[in-house]
2 protein chains.
Amino acid sequence: MSVRHTGVTTDPVIVRDDEQAACDVREVLDRIGDKWTVLVINELAHGVRRFRRLQRDVPGISQRMLTLTLRRLERDGLVVRTVYPTVPARVEYALTPTGHSLTSVLKAVADWAAEHRHTVIESRARWDSGTGAPGPGVDA
Amino acid sequence: MSVRHTGVTTDPVIVRDDEQAACDVREVLDRIGDKWTVLVINELAHGVRRFRRLQRDVPGISQRMLTLTLRRLERDGLVVRTVYPTVPARVEYALTPTGHSLTSVLKAVADWAAEHRHTVIESRARWDSGTGAPGPGVDA
DNA sequence: CCGCATCCATCACGATACTG
DNA sequence: CAGTATCGTGATGGATGCGG
């Protein structure tokens, strides 16, 4: 375990090795790697939303999955749930600062996708063509 | 976002909205969101690896899952597989440039995890403690 | 309007055994 | 060493119906 002095963080100077980092990534992926979480977060990034609105804006999501997703996000402190005791109960969901900070990461992923999507699709097409011919360079 | 970045435009200059971005994120997550992919990528980020070595260095992975994971990565052009026709066949796996570029994204995720892990764990603990006690400044 | 409960299909994954 | 094939299982998620 080596010690560096990047001084970027306020943490002690012990550097997290990449095995630890990989483990962290897996943890996060276990949270946001499911089918709906990122879509819900993305929608909430636009602002406060009510349940129905979310279900409309996230096409294809079922009530059950929306509820489950929101509960998990709330449990992890990424989303806050506010209930207004009106007659037909009204509930609003909003990102916490922590939740909002996740959008930066999501953006990084989106940027990567935008840049490499074409390459990946191409590679997949070659693979599915049955040919083992790598062609002119696997990557640009 | 950077659409004009790529000179390859079959479409007019359409700006990617965040719904498109969210969709991209989901696609990527479908690839790397599984149990082993990021761990294998992380290992390959260290350098070229043979099958056995990978299985040893990624604790808990089965032969089957390692094969599946590597095949998917190869199909998507993130990993190259090289076979040496020696007597006991020898196979080496390595990240392509595209695959390597993913490590940057993974690092972003790891950084987020490192920074917010504690907060999330805390929030989860509160949630599991039944409820009711909103801690100090969870939300703004 | 909001959300939980139940049933059910699918699939990712693990264990095991076998081949080249 | 480097896989492939097969089977069993738990988790994920969709559909539906009820409750507050």
Side-chain angles (χ1 to χ4, degrees), chain A residues 22-23 25-41 43-44 48-76 79-94 127 130 132, chain B residues 22-23 25-41 43-44 47-76 79-94 127-128 130-131:
Chain A
C23 183
V25 172
R26 284 275 340 110
E27 280 183 30
V28 177
L29 257 38
D30 277 340
R31 299 289 140 191
I32 70 173
D34 69 331
K35 191 170 180 178
W36 301 109
T37 296
V38 296
L39 299 175
V40 170
I41 289 180
E43 197 52 42
L44 288 177
V48 177
R49 290 287 184 274
R50 296 181 56 178
F51 190 89
R52 266 297 185 194
R53 171 77 185 276
L54 278 175
Q55 193 176 7
R56 265 183 287 111
D57 290 341
V58 181
I61 195 171
S62 64
Q63 264 185 349
R64 170 188 150 85
M65 290 317 295
L66 181 53
T67 300
L68 284 179
T69 302
L70 287 169
R71 284 302 170 281
R72 281 194 283 249
L73 287 172
E74 194 190 355
R75 183 173 108 105
D76 288 350
V79 158
V80 273
R81 179 173 175 263
T82 311
V83 182
Y84 297 90
T86 58
V87 181
R90 177 178 139 191
V91 183
E92 285 182 353
Y93 295 92
W127 179 274
Chain B
C23 185
V25 173
R26 283 272 342 107
E27 281 182 29
V28 177
L29 257 38
D30 277 340
R31 299 290 140 189
I32 70 172
D34 70 327
K35 191 170 180 179
W36 301 108
T37 296
V38 296
L39 299 176
V40 171
I41 289 180
E43 198 51 43
L44 287 177
V48 178
R49 290 288 185 274
R50 296 179 57 176
F51 190 89
R52 264 297 185 194
R53 172 77 185 275
L54 277 175
Q55 193 175 7
R56 266 183 285 110
D57 289 341
V58 181
I61 195 171
S62 63
Q63 267 181 352
R64 170 187 148 86
M65 290 318 295
L66 181 54
T67 300
L68 285 179
T69 301
L70 286 169
R71 285 299 172 282
R72 280 193 285 249
L73 287 171
E74 192 189 357
R75 184 174 105 105
D76 287 351
V79 158
V80 275
R81 177 172 177 267
T82 311
V83 182
Y84 298 90
T86 56
V87 182
R90 174 177 141 190
V91 183
E92 285 182 350
Y93 294 91
W127 178 275
D128 293 341
T131 173

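Below, read A as the first sequence line, B as the second, and so on, with proteins coming before strands; counting in each chain starts at 1. None of these values were measured; they are calculated from a predicted model.
- Interatomic distance, E92(B) CD to F51(B) CZ, rounded to the nearest 0.5 Å: 14.0 Å.
- Here T67(A) lies in heavy-atom contact (under 4.0 Å) with sugar-phosphate atoms only.
- Residue whose closest nucleotide on DNA chain C sits further toward the 5' end, between R72(B) and R71(A): R71(A).
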* May I have the step-by-step check of side chain to side chain contact (heavy atoms under 4.5 Å, CB included) for Q63(A) and R52(A), ending in yes or no? => CA-CA 9 Å; Q63(A) 264 185 349; R52(A) 266 297 185 194; 4.2 Å; yes
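- Between T37(A) and R31(A) there is no side-chain heavy-atom pair separated by less than 4.5 Å.
- Nucleotide dA15(D) holds its C1' atom 16 Å from the CG atom of L66(A), rounded to whole Å.
- As rounded to whole Å, 17 Å separates atom C1' of dA2(D) from atom CE of M65(B).
- Looking at heavy-atom distances under 4.0 Å, R53(B) makes no contact with the nucleic acid at all.
- Looking at heavy-atom distances under 4.0 Å, R49(A) makes no contact with the nucleic acid at all.
- Considering only residues two or more places apart in sequence or on other chains, R71(B) meets the side-chain contact (heavy atoms from CB on, under 4.5 Å) condition with W127(A), T67(B), E74(B), R81(B), Y93(B).
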* For the pair V40(A) and I61(A), evaluate side chain to side chain contact (heavy atoms under 4.5 Å, CB included) and give the outcome as yes or no after the intermediate values. => CA-CA 10 Å; V40(A) 170; I61(A) 195 171; 4.2 Å; yes
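- Counting heavy atoms from C-beta outward, R26(A) and L39(B) have side chains that approach closer than 4.5 Å.
- In this model, the phosphate group of dG14(D) is approached by a side-chain N or O of K35(A) to a distance below 4.0 Å at OP1 or OP2.
- With contacts defined as side-chain heavy-atom distances shorter than 4.5 Å, the pair V79(B)/I41(B) does not qualify.
- Heavy atoms only, all atoms of each residue included: D57(B) and R53(B) are closest at OD2-NE, 2.6 Å.
- If you check residues 55-64 of chain B against DNA chain D, the residues with a heavy atom closer than 4.0 Å are Q63(B), R64(B), listed by number.
- When heavy atoms are screened at a 4.0 angstrom cut-off, Y84(A) is found touching no nucleic acid atom at all.
- We find that D30(B) and K35(A) are not joined by a salt bridge, their nearest charged nitrogen and carboxylate oxygen being 4.0 Å or further apart.
- The CZ atom of R90(B) sits 17 Å away from the C1' atom of dG3(D) (whole-angstrom rounding).
- Where DNA chain C meets chain A (any atom under 4.0 Å from a heavy atom), the bounding nucleotides read 5' to 3' are dC1(C) to dT6(C).
- Partners of R72(B) under the side-chain contact (heavy atoms from CB on, under 4.5 Å) rule, at least two apart in sequence or in another chain, are D34(B), M65(B), L68(B), T69(B).
- At whole-Å resolution of the value, CZ in F51(A) and C1' in dG20(D) are 14 Å apart.
- Atom C1' of nucleotide dA11(D) and atom CG of D34(A) are separated by 12 Å, given to the nearest angstrom.
- In the helix from dC1(C)-dG20(D) to dG20(C)-dC1(D), the rotation axis of the first five pairs and that of the last five pairs differ in direction by 40°, rounded to 10 degrees.
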* Dump the intermediate steps for side chain to side chain contact (heavy atoms under 4.5 Å, CB included) on V91(B) and T82(B), then the final yes or no. => CA-CA 6 Å; V91(B) 183; T82(B) 311; over 6 Å; no
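- To the nearest angstrom, C1' of dA2(D) lies 14 Å from CG of L68(B).
- Partners of A94(A) by side-chain contact (heavy atoms from CB on, under 4.5 Å), not counting sequence neighbours, listed by chain and number: V48(A), V80(A).
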